[in-house]
Amino acid sequence: MTTIKPLISRQGEAQRWRAQFLKDVVHGLNRPQKEIPCKYFYDKRGSQLFDEICELDEYYLTRTEVAILQGHARAMALAVGEDCELIEFGSGSGLKTRLLLEQLPRPRAYVPIDISREPLEQSARALAERFPGLRIHTVHADFTGDVHLPDVGDPKARRVVYFPGSTIGNFRPDAALGLLRSIAQLVGPGGGLLIGLDLDKEESIVWPAYNDRQGVTAAFNRNLLTRINTELGAEFDLDAFAHRADYLRDHERVEMHLVSVRAQVVRIAGTEFSFEEGETIRTECSYKYSLEHFNRLAIQAGFTPNSRWSDPDEYFSVSYLSVD
């Protein structure tokens, strides 16, 4: 029978998360370019809206990555190898994970890490039903920080991190390099990384993915303010902020912003923040690396690129990297 074991207790957790959330928001809104880390998009409602985004016609990323997995999951599983501890960063709904696990030979355990508790637990329950006998250790945490992981079995299982969805693109190149280095250290010699990467491409493909006609991405962006209002007692007027996303191709990234439509003052936990008309809060950067740029970062971090799979249009890439 499959077992699901949470590794982090809920005792005192809500207070710690709120304190860190408040600290990050106050720090970000005091910067010359106001910004809030995109990891805070993913409360329950934010995760639901992101799932809706993934179904949009304009949003090529998810369907392209899923198609790559459907065509090449067996080859990916062979690259990952058997008897591994599969650690997933940002597990989300678990669709892509299922496609990989269906082909993975005798995984020792599956360890999903996600900042949003409810989607994490829902995904773990669904995978537990699909894969009887698989040990699942859920970790409710921010994978960019210090995360305690289990040693699975004796001898210790070889670790492989699965990092789908091009989430690495949400990190600036220096931060991406730091995260890749921490992953290399986490998995150690003999370990690996299976990672999704959204590639540089024409604006006509990228821009609509962040500016959909139904306004789901705009609702997803503004939901961040709703979360701050609800959890931190802020007073954001959602109608006073507009969604904007630009593809800065020369800088290899999409920037998503919330634009103040008028001069205003917002209070958060007793602190006032002034906004000029047209001033923005940057809520996300999404890098669209060239493969050459990403491979340079991976090699600097201590990885060796091994195998790569892509779609015919080279919109998206999935790579397996190893630590020698």
Side-chain angles (χ1 to χ4, degrees), residues 14-50 53 89-90 92 114-119 140-145 165-176 178-179 209-211 215-248 251 253-287:
Q15 291 84 351
R16 292 193 298 272
W17 278 98
R18 183 186 182 279
Q20 187 61 52
F21 187 17
L22 178 60
K23 179 181 177 181
D24 289 343
V25 168
V26 170
H27 175 74
L29 294 182
N30 274 316
R31 295 174 63 89
Q33 166 60 69
K34 291 180 172 66
E35 61 183 340
I36 298 171
C38 63
K39 64 186 178 183
Y40 292 116
F41 278 134
Y42 298 99
D43 63 349
K44 181 179 179 181
R45 179 57 178 156
S47 296
Q48 291 171 342
L49 285 166
F50 184 71
I53 289 170
F89 280 14
D114 204 285
I115 198 169
S116 185
R117 178 184 286 282
E118 290 192 40
H140 178 218
D142 176 1
F143 58 73
T144 64
S166 194
T167 306
I168 191 67
N170 293 141
F171 297 83
R172 293 180 177 85
D174 57 342
L179 180 58
Y210 296 84
N211 295 276
V216 182
T217 308
F220 173 70
N221 200 7
R222 278 193 290 264
N223 183 68
L224 179 58
L225 303 183
T226 300
R227 183 180 186 186
I228 295 171
N229 284 350
T230 301
E231 297 184 26
L232 302 181
E235 301 172 356
F236 280 105
D237 177 358
L238 270 62
D239 292 333
F241 288 87
H243 165 76
R244 193 184 84 202
D246 302 310
Y247 186 23
L248 309 177
H251 299 282
R253 68 176 182 262
V254 172
E255 285 195 5
M256 201 152 74
H257 292 254
L258 289 164
V259 185
S260 179
V261 300
R262 56 176 169 80
Q264 57 184 305
V265 174
V266 177
R267 294 174 181 82
I268 305 175
T271 302
E272 292 188 346
F273 298 93
S274 298
F275 291 83
E276 300 295 330
E277 182 178 352
E279 189 175 5
T280 73
I281 307 169
R282 183 165 57 200
T283 54
E284 183 179 65
C285 286
S286 183
Y287 280 80

Next item on the list: Could you tell me which non-hydrogen atom of N229 sits nearest to which non-hydrogen atom of E235, and how far apart they are?
Entry: OD1-N, 3.4 Å

Next item on the list: Check E255 against C285 and note the closest heavy-atom contact, atom names and distance.
Entry: CG-SG, 3.9 Å

Notebook entry, point to check: Under 6.0 Å from the six-membered ring centre of F275 and within 45° of its axis: does the NZ or CZ of K34 meet both?
Noted result: yes

Margin query: Nearest 0.5 angstrom please: T283 OG1 to H243 NE2, how far?
Written below: 8.0 Å

Note to self: Does any part of the side chain of L258, heavy atoms only, come nearer than 4.5 Å to the side chain of L225, both counted from C-beta?
What the structure shows: yes

Note to self: I need the M256 CE to C38 SG distance, nearest 0.5 Å.
What the structure shows: 8.0 Å

Next item on the list: Can you measure from CD1 (I268) to CZ (F236) and round to the nearest 0.5 angstrom?
Entry: 4.0 Å

Next item on the list: Measure across V216 and L49 and return the closest heavy-atom pair with its distance rounded to 0.1 Å.
Entry: CG1-O, 3.8 Å

Note to self: So, taking the atom named OG1 in T144 and the one named CG in L179, what distance separates them when rounded to the nearest 0.5 Å?
What the structure shows: 7.5 Å

Margin query: Rounded to the nearest 0.5 Å, what separates atom CD in E272 from atom CG in L29?
Written below: 13.0 Å

Next item on the list: Measure from the side-chain N and O atoms of R267 to the backbone N and O of F273, and report whether any donor-acceptor pair falls under 3.5 Å.
Entry: no

Next item on the list: Take Q48 and Y42 through the test side-chain contact (heavy atoms from CB on, under 4.5 Å) and record every step on the way to the result.
Entry: CA-CA 9 Å; Q48 291 171 342; Y42 298 99; over 6 Å; no

Item checked: Close side-chain approach of H140 and D114, heavy atoms under 4.5 Å -> no

Check: Between A242 and R222, what is the shortest heavy-atom contact and its length?
Finding: CA-NH1, 3.9 Å

Check: Does N30 use its side chain to pair, donor to acceptor, with the backbone of V26 at less than 3.5 Å?
Finding: yes

Checklist line | Y247: ring pair (Phe, Tyr, Trp, His ring centres under 6.0 Å) partners, not counting sequence neighbours | finding: none

Next item on the list: Decide whether a cation-pi geometry holds between R45 and F50; the criteria are a distance under 6.0 Å from NZ or CZ to the six-membered ring centre and an angle within 45° of the ring axis.
Entry: no

Item checked: R31: side-chain contact (heavy atoms from CB on, under 4.5 Å) partners, not counting sequence neighbours -> H27, E35

Next item on the list: Apply side-chain contact (heavy atoms from CB on, under 4.5 Å) to I115 and W17, showing your working.
Entry: CA-CA 10 Å; I115 198 169; W17 278 98; 3.3 Å; yes

Check: L232 versus F21: any side-chain heavy-atom pair under 4.5 Å?
Finding: yes

Notebook entry, point to check: Side chains of I36 and I281: closer than 4.5 Å at any heavy-atom pair?
Noted result: yes

Next item on the list: Return yes if some donor-acceptor pair links the side-chain N/O of R244 with the main-chain N/O of V259 below 3.5 Å, else return no.
Entry: no

Check: CZ of R282 to CD of Q33: how many Å apart, nearest 0.5 Å?
Finding: 5.0 Å

Note to self: Just by distance, no angles: are the side chains of N170 and E284 close enough, under 3.5 Å, to form a donor-acceptor pair?
What the structure shows: yes

Margin query: I'd like to know if the side chain of N223 reaches the main chain of T226, judged simply by a donor and an acceptor atom lying under 3.5 Å from each other, with no hydrogens or angles considered.
Written below: no

Margin query: Which residue in the set H257, Q264, R262 passes side chain to side chain donor-acceptor pair (under 3.5 Å) when paired with S260?
Written below: Q264

Margin query: Let's go through Y287 and F171 carefully: what are the C-alpha distance in whole Å and the side-chain angles of both, what is the deciding distance for side-chain contact (heavy atoms from CB on, under 4.5 Å) to 0.1 Å, and is it a yes or a no?
Written below: CA-CA 7 Å; Y287 280 80; F171 297 83; over 6 Å; no

Next item on the list: Considering non-hydrogen atoms only, spot the tightest contact between V261 and E277 and give its length.
Entry: O-CG, 3.6 Å

Margin query: I want to check something: taking the side chain as every heavy atom from C-beta on, are D246 and Y210 in contact at a cut-off of under 4.5 Å?
Written below: no

